[in-house]
Amino acid sequence: MEDAEYDLAFFHRAGFRRRACTVCGAAFWTLGDHDRCQEAPCRDYGFLGRPGFARAYETHAMREAYLRYFEQRGHARVRRYPTVARWRNDVFFTQASIYDFQPWVTSGAIPPPANPLTISQPVLRFIDLEEVGRSGRHFTLFEMMAHHAFNRPDHEVYFKDRTVELCHGLLTEELGADPTGITYKEEVWEGGGNLGPSLSVGLLGLELATLVFMEYVRDGTSLRPMPLTVVDTGYGLERFAWMSQGTNTAYEAVFGREYEELRRTFPPREAAILIDHARAINFLLTDGVVPSNSKEGYFARLLLRRSIRILQRTPEAPELSAILDASAREIARAFPEVGEHRDDLHRVVAAEAERFAESIERARAMIRRYDERTRAGGGRVTEDDLIQWYDSLGIPPDLAVEEVRDPPPIPDDFYARVATRHESERPATEYAEVVEGLPDVPGTVPATEVLYYLDPYTLAFEAHVVWVGGPFVALDRTYFYPTGGGQVTDTGQLGDLAVVDVARRGPWILHRLERPAPFAVGERVRGRIDRPRRVQLMQHHTATHLLNGALREVLGPHVWQAGAYKGPEAARIDITHYKPLSRDELRRVERRVNEIVREDRPVKSYFEGRSAAERRFGFTLYQGGAVPGKELRIVEVEGFDVEACGGTHCTHTSEVGAIAISDVERIQDGIVRLTYSSGERALDLRDEHEEILKEAARRLGVPVPQLPDGIDRLLGEIEESRQRARARRKEDLGATAARLLSDPTVAETLGATTLLTGQVDLGRAELMELSRLLTKAPGRVAILAGEEDGRGVLFVGSTSPQVAANEVVRAAAPAFDGKGGGNPAAATAVGEPGAPLAHALRAARESARRAAGADGGAPGAARP
RNA sequence: GGGCACGUAGAUCAGCGGAAGAUCGCUGCUUUCGCAAAGCAGAGGUCGGGGGUUCAAAUCCCCCCGUGUCCA
């Protein structure tokens, strides 16, 4: 970044001077005579006990003061976005206020909700987890207050100069900070391929804000100006409150009473962790995160389990739910949606606590057994075992050692060593939104007027061609619905050609035809949309909203849509939920949703200003993810469900026909997927199922109602015949054994050992069983020959201490080119096809004889 | 999304290349007026599924499926 980037007229106007920090070396601007920037670690905190602002603000008052300041200066106040960034696939959480507007607003695709705007956005930073409670200033969730401006070439709102002026005004005029105490340190900000200059605002050792000016696109080694420049500021609400109060730590300033309350039972660090985590958990769960083992759910689990652990090792600790409630009550003063669904939140938390307890109990039992075994084997539990257990069983080391008689010390760098186990993992693949083979459209082409929003029933229309690129056609207006929001594309015809795909590309909707379009720009064409397909898609889409509503009703408001697909054949909705659906819950959902269908409620689709809509309906609007833009398209099922959605919908619930849920599965921890059909497809599905039932009943020869009993009977019969077959096999083997024993050439006694030699028509597994029958008594050796897959099999079983079966087999195997082995009690060899099995049998017998006789077999027992 | 661990009798688990085991539960017998209990006997296993390596796989390798857990 060149120095000129920071050389602002405001600085000169107000009398700032540019200096270099003698500690970190960075350049900064100040009205004072500092030789170093006013941020830690370049200087110590100077506000502890001596607040840097004119008066003390508690959190809510500080937020309000900030937002009001910017409102009074032409900014529109925008409500917070969810803390879970469902609209992005590159991150889980909203980590800065600008995340709310990426990528669509910052790329220029969609206008911001207001311009300029001000917001206080709760954001999550798990990177600081270990610092919480330790540093005195870190939080897992904090509020980033911001003012943003989005400048287009044709519409400049404000940029660097005004931004710094506003910031300086806030600190000095509004909050009464000493103007000479503030430093603006020059930095370079870079992220997501963009970069620009930034100023870090320091006061009395605390970095209060960062003012970022997104200005360039990195293009290889050179920089290109962005078409849209962005003022991206971030003011830490917690730090402002802290600065105003000058308390020892930020936690006291931010959490006030709740923190004090916890301090009565807990040491400072644990109290801070508990209240910090409670706040984050409240936001996460309110925004639809269900604790699970992956993705965003894992972080909710992490916070919950950390909190539970602290409570568990503290006698007389309060209930987690009480801490969460206290936190929620406080948050709700500014964000009323948090704490609205207390009971449901408690159920989610209770389910997680139970799972954690089960996990720990399982792990404890496993460790106890392992410890006993290890000690019995002369070994002992090692540090690596502790790490392994934490990683794979989730049991913290301090709990693990409780089960070990002679435990190793817990390494100081325990968690670092866990981390190194994960170092070699491949990073998660970040995939960009695929704009699959869509052509670039020149910016001069007029935007497409989207008509399906207004009227989903018009399926034939006329429009003018505004652009043609190969098979792609853009029209001035269209009723074709492009793939989006989980709803698949419409198909149909444009002129005489089939439309095979429709996609949104910036402000245009592109129709892809079966072959290159023969149209000229300006030509008038007729569009016709495939009616049955569209109708089915509409039914499925509306059905999805109804189902979502019914699921929230039946299961609780923790249910959020975590993904959806509406195709012509079937539709799916993935919901956040902490346990499998019971059969009863499923039945209630299906009943309820069909009840809504029958009630024929109006489904209204309309545009409404974002703020007004949020005020009226709350955050659950964003089931499909947050949608930027000044106006939201609202799809409202009267008195039942309201969502921001761009899809095509029926106008009355009865048009959905019926909804048949065909499958429910847990697709991952914390996510349940329902597959269903509506309208014609639901009827088809019912028919298909009925046909299957009838056919099954016909094959079984029973009426449909008796199918379950019939199947039970059948299964019983199968089991019975299996048992019979097994018994017969046993009998057969018994008979064979008896036959062998009655054959005088088979048995041969050498002292305490009796050799039983015989050839039978049995395979390997049967030879083994036969051998068992023959060698029940001690001192027996069975030497059996059989055949399997055209190869000779030799099996030797021995209960004689003199005769080792594996030795016998080893001696005999070469006689039929066999390979094999075993142990002294049992051994097998298989020969080459056609090799002389009889030789092997003889060789085995000779070997066994020598072994049995060698140990002073009774004289005269051996025969030639 | 990735790493690791796990999947064996109804339950909890052992076995980790050579003849599928333990404990509890279950059934029967003995003992008892009966119960509890004890003793004896017995039933109960496609060792998650599919491929492969091997003379031989619950055991080793690969691919699925399921579960748990850690990490992003």
Side-chain angles (χ1 to χ4, degrees), chain A residues 89-93 95 124 126-127 129 291-299 301-302 305 355-356 358-363 365-370 372-373 376-377 384-385 387-397 400 414-431 580 665-670 718-719 722-723 726-727 763-776 782 784 788-789 791-799 804-806 809-810 812-814 816-833 835 840:
Chain A
N89 55 20
D90 53 341
V91 293
F92 296 131
F93 301 110
Q95 296 178 42
L124 286 146
F126 281 91
I127 193 96
L129 189 62
S292 82
N293 60 9
S294 70
K295 301 187 180 169
E296 53 270 19
Y298 177 71
F299 295 94
R301 164 166 296 175
L302 186 65
R305 293 191 173 186
R355 290 183 62 152
F356 186 39
E358 279 169 19
S359 266
I360 294 299
E361 213 23 72
R362 252 199 314 274
M366 200 293 281
I367 289 168
R368 239 173 281 139
R369 287 192 304 269
Y370 179 90
E372 269 172 39
R373 258 202 323 278
D384 282 342
D385 288 330
I387 292 166
Q388 162 71 15
W389 291 336
Y390 175 70
D391 212 11
S392 64
L393 303 173
I395 185 164
F414 184 83
Y415 290 95
R417 286 169 66 174
V418 172
T420 54
R421 284 171 68 106
H422 291 273
E423 262 169 15
S424 59
E425 293 167 23
R426 276 181 296 144
T429 46
E430 283 184 27
Y431 59 99
E665 57 191 324
R666 191 190 96 129
I667 56 165
Q668 55 161 275
D669 200 13
I718 291 168
E719 180 58 23
R722 236 186 58 185
Q723 299 288 358
R726 190 179 302 171
R764 166 187 203 108
E766 284 94 356
L767 286 181
M768 191 178 81
E769 284 181 52
L770 180 60
S771 163
R772 289 217 101 155
L773 293 175
L774 293 172
T775 59
K776 274 191 173 150
L784 302 170
E788 189 163 287
D789 299 335
R791 290 161 177 265
V793 181
L794 179 69
F795 188 95
V796 179
S798 169
T799 52
N806 50 346
V809 161
R810 188 180 304 162
F816 70 147
D817 298 332
K819 286 185 178 170
N823 57 30
T828 344
V830 175
E832 285 300 309

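Quick note: numbers below take in every heavy atom, side chains included, and nothing from hydrogens, waters or symmetry partners. Letters A, B, ... are given to chains in the order of the sequence lines, protein chains preceding strands, and every chain is numbered from 1.
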J.: State whether the distance check finds a donor on one side and an acceptor on the other, under 3.5 Å, for side chain A/T828 versus base B/A56.
T.: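 Check fails, no donor-acceptor contact within cut-off.
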J.: Quick one: is A/R726 getting a side-chain N or O under 4.0 Å of the B/G45 phosphate, OP1 or OP2?
T.: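 Yes, within the criterion.
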J.: Does A/R355 have a side-chain nitrogen or oxygen under 4.0 Å from the phosphate oxygens OP1 or OP2 of B/G68?
T.: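 For B/G68, OP1/OP2 do have a side-chain N/O of A/R355 under 4.0 Å.
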J.: What's the CZ-C1' distance between A/R722 and B/G44, to the nearest Å?
T.: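 It is 10 Å, rounded to the nearest whole Å.
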J.: May I have the distance from A/R666 (atom CZ) to B/C65 (atom P), rounded to whole angstrom?
T.: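 The distance from CZ of A/R666 to P of B/C65 comes to 14 Å, rounded to the nearest Å.
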J.: So, is A/R301 near the phosphate of B/U69, with a side-chain N or O under 4.0 Å from OP1 or OP2?
T.: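 Checking A/R301 against B/U69: at least one side-chain N or O falls below 4.0 Å of OP1 or OP2.
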J.: For the pair made of CG in A/N823 and C1' in B/A19, what is the distance, rounded to whole Å?
T.: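 It works out to 8 Å between those atoms.
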J.: Where the side chain of A/R369 is concerned, which of B/A72, B/U69, B/C13 is the nearest nucleotide?
T.: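 Selected nucleotide (nearest to the side chain): B/C13.
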J.: If you take atom types as modelled and just measure distance, does the side chain of A/D391 reach the base of B/G3 with a donor-acceptor pair under 3.5 Å?
T.: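 Answer yes: a donor N or O sits under 3.5 Å from an acceptor.
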J.: Taking the side chain of A/V418 as heavy atoms from C-beta outward, which of B/C70, B/A5, B/G18 is closest to it?
T.: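 My answer, after comparing the listed nucleotides, is B/C70.
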J.: It should be established whether A/R362 places a side-chain nitrogen or oxygen under 4.0 Å from OP1 or OP2 of nucleotide B/C13.
T.: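 Answer no for this pair, as no side-chain N or O of A/R362 is under 4.0 Å from OP1 or OP2.
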J.: If you only use heavy atoms from C-beta on, which nucleotide in B/A72, B/G2, B/C55 is closest to the side chain of A/V830?
T.: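 Per side-chain heavy atoms of A/V830, the pick is B/C55.
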J.: From CD of A/E361 over to C1' of B/U69, roughly how many Å is that when rounded to an integer?
T.: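 The distance from CD of A/E361 to C1' of B/U69 comes to 16 Å, rounded to the nearest Å.
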